[in-house]
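Structure first, commentary second.
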2 protein chains.
Amino acid sequence: MALRHAVLAALLDGEYSGYQLAKAFDIGVANFWHALPQQLYAELTKLEKEGLIAGRQVVQETRPNKRLFQVTKAGRAELEDFAAAVSKPSSIRDDLLVKVQVADRVGTASVIGQLEERASAAEGKIELLGALLRQLRGDVDEEEFLRHGERIGPYLTCLRGLSFEQEHRDWCLRIASVLKERSALKERSVLKERKSTRAER
Amino acid sequence: MALRHAVLAALLDGEYSGYQLAKAFDIGVANFWHALPQQLYAELTKLEKEGLIAGRQVVQETRPNKRLFQVTKAGRAELEDFAAAVSKPSSIRDDLLVKVQVADRVGTASVIGQLEERASAAEGKIELLGALLRQLRGDVDEEEFLRHGERIGPYLTCLRGLSFEQEHRDWCLRIASVLKERSALKERSVLKERKSTRAER
DNA sequence: TGTGACTAATCAAATTCTTGAGTAGTGGAG
DNA sequence: CTCCACTACTCAAGAATTTGATTAGTCACA
C-alpha cells in the first residue's frame with residue numbers, strides 16, 4: 001500500500017499531472033519507489049475517487065489537455081496515519097546479485113560486462129543526484145540546510161539514493177575486478193597445463 | 001522471472017527441502033531476493049515439473065517427511081542462460097523513505113522512532129552477515145579468499161548485503177538525529193514565542 | 001498437562017506490478 | 001515531406017507477491 005503514499009508524497013511538492021508525475025518519479029521518488037506510468041495513472045484515479053487528491057482540468061491549445069492533481073485534507077490525514085504506522089523492512093532486489101551468486105559456477109565473462117555497465121549507470125545516477133542535491137539546498141551548505149531548510153524531506157531521501165548508488169558502483173567495480181583476476185589466473189593455469197601436457201608427449 | 005533463478009542459485013550449494021530453503025533464503029539469498037515460504041514451495045513445484053530440479057522423498061521418523069531438491073543439468077543450463085541475459089536495474093523499495101520524504105510536513109516523532117528501530121535492526125543484520133562472511137572464508141584473509149577460494153559467489157553477495165546494511169544504519173541514525181535537532185529547535189522557538197506573547201499582555 | 005515453538009508443507013484470495021499495445025495531435029531534424 | 005520524439009493518457013492480460021489460514025506431529029518448559 002505504499003505506492004499510494006509515494007504518490008501523495010510527490011504531490012505534496014506541487015500540482016502534477018499523471019504525465020509530469022511519471023517524470024518526477026523517475027528522478028526523485030524512484031530513489032525509493034519505482035513505478036511505471038500506467039500504475040501512476042491508475043493510482044491517481046483511485047486516489048481521486050477516494051477523495052485523497054483533487055484534480056482539475058487544464059485546457060491547452062497546442063498540447064492535449066491535462067489534469068492536475070493536488071492533495072486534499074483527507075489525503076494529508078492519510079499520509080499522517082501512514083507515517084505513524086509500522087513499516088516493513090527494506091531490501092535489495094536485484095537480478096545481477098543472483099548472477100554473482102553463481103558467478104563461480106557458470107560463464108563469468110557476461111557477468112563481468114554487466115557489472116561494469118551497472119557501475120557506469122550508477123555513476124550517471126550519482127552525478128544526477130549530486131546535481132539535484134545542490135539544487136535543493138541552494139547556496140547554503142548541507143549542515144546549515146538540514147538544520148534550517150524548510151523542505152528537507154526530498155533532500156534526505158536523495159542522500160539515501162546517492163549513498164546507495166555509490167556503494168553499488170563501488171561494489172560492482174570491486175567484484176568485476178575480482179572476477180577478472182580469477183579468470184586471468186585460471187587462464188594462466190590452463191595454459192601451463194597444456195604446455196606440460198605437450199612436453200609429456 | 002528471477003525468483004526461479006534465485007532458487008536454482010540457492011540449490012547449487014546443496015540439497016534443500018522447501019522448508020530448509022526458506023530458512024537459507026532468510027539469511028543468504030534474502031540479501032538480494034526476498035521470498036515467502038509459499039512462493040518457494042510454489043516455485044519448487046514448477047521447477048520440478050519443468051525438469052530444472054529433481055526432488056527425492058526423505059522419510060523421517062520423528063519429523064514429517066520432506067522432499068529434498070537438487071539442480072539438474074537442464075537447471076544448470078537455465079542458470080547459464082540467465083547469467084548471460086541482460087538484467088534490469090536494481091533499486092531500493094522502502095516504506096520508510098516515503099515517510100522521510102514527508103517528514104517535515106507531518107508528525108515527526110513516530111518517524112524518528114522508526115528510524116532508530118531500523119538502525120538497530122540493521123545493526124543486527126550487520127553482525128549476522130559479518131559472522132557469515134568469516135565462516136565462509138575460514139581462516140584465510142579476504143584478499144586471499146577472493147583470489148583462490150572455490151566458492152566465492154555467496155561471499156560476494158554477502159559483501160553487498162553488508163555494505164547495504166551499513167549504509168542503511170548510518171543513514172537512519174543521521175536522519176534521526178537531523179529530525180531530532182530540528183524538532184528541538186522548533187520546540188524552543190515555540191516556547192520563546194509563548195513567552196513573548198505572554199509578555200505582551 | 002497445557003502452552004508455545006518448530007518441522008514440513010499446502011490452499012485460496014486479493015493486491016500489486018509488469019508487459020505490451022493503442023490513440024492522437026504537435027513540433028523539430030534532415 | 002517524412003520520420004521520430006514528445007505530450008497526455010488508457011486498456012487489458014498476465015505474472016509475481018502478499019496476506020492469511022490450515023493441517024499435524026514433536027519437543028521442551030513450567
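To find a chain, count down the sequence lines: A is the first, B the second, and so on, and within it residues start at 1.
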Between CG of B:Leu68 and C1' of C:dA9 the distance, given in whole Å, is 14 Å
Name the orientation class of the two ring planes belonging to A:Phe82 and A:His5 (parallel below 30°, tilted from 30 to 60°, perpendicular beyond 60°).
-> parallel
OP1 or OP2 of C:dT7 sitting under 4.0 Å from any side-chain N/O of B:Ser17?
-> no
Starting at the 5' end of DNA chain C, which residue's closest nucleotide do you reach first, A:Pro64 or A:Lys46?
-> A:Lys46
What about A:Gln38, does its side chain sit under 3.5 Å from the base of D:dT10 through a donor-acceptor pair?
-> no
For B:Lys23 and C:dT7, is the shortest distance between a side-chain N/O and OP1 or OP2 below 4.0 Å?
-> yes
Given D:dG25, is OP1 or OP2 found less than 4.0 Å from the side-chain N or O atoms of B:Lys66?
-> no
Between C:dT18 (P) and A:Leu40 (CG): distance, integer Å = 11 Å
Short side-chain N/O contact from B:Trp33 to OP1 or OP2 of D:dA16, under 4.0 Å = no
A:Met1, nearest nucleotide to its side chain (from C:dT16, C:dC17, C:dG25) | C:dT16
Below 4.0 Å: OP1/OP2 of C:dT18 and any side-chain N or O of B:Lys88 = no
Could you tell me whether B:Phe145 and B:Tyr155 have their ring centroids closer than 6.0 angstrom?
-> yes
How many Å lie between CZ on B:Arg67 and P on C:dA9, as a whole number?
-> 9 Å
Which whole-number value in Å describes the distance from B:Gln60 CD to C:dC6 P?
-> 17 Å
What integer distance in Å separates A:Tyr19:OH from D:dT10:C1'?
-> 15 Å
Whole-Å gap separating P (D:dT18) and NE2 (B:His34) = 7 Å
Figure out the CZ/C1' separation between A:Arg93 and C:dC17, and round it to whole Å.
-> 11 Å
Taking D:dA16, D:dT19, C:dT26 as options, the one with an atom nearest any side-chain atom of B:Leu36 is D:dT19
A:Arg63 side chain, from C-beta outward: closest of D:dT17, C:dG27, C:dC6 = C:dG27
Could you state the CG-P distance from A:Asn65 to D:dC9, rounded to the nearest angstrom?
-> 9 Å
Quick one: does B:Ser17's side chain have a donor or acceptor within less than 3.5 Å of a partner on B:Arg67's backbone?
-> no
Which nucleotide in the set D:dC9, C:dT7, C:dT18 lies at the smallest distance from any side-chain heavy atom of A:Gln39?
-> C:dT18
Would a distance-only check, ignoring hydrogens and angles, find a side-chain to backbone donor-acceptor pair under 3.5 Å from A:Arg137 to A:Gly149?
-> no
Examine distances only and state if a side-chain atom of B:Glu15 and a backbone atom of B:Arg56 form a donor-acceptor pair shorter than 3.5 Å.
-> no
Relative to the 5' end of DNA chain D, which residue comes earlier, A:Phe69 or B:Leu3, by the nucleotide with the nearest heavy atom?
-> A:Phe69
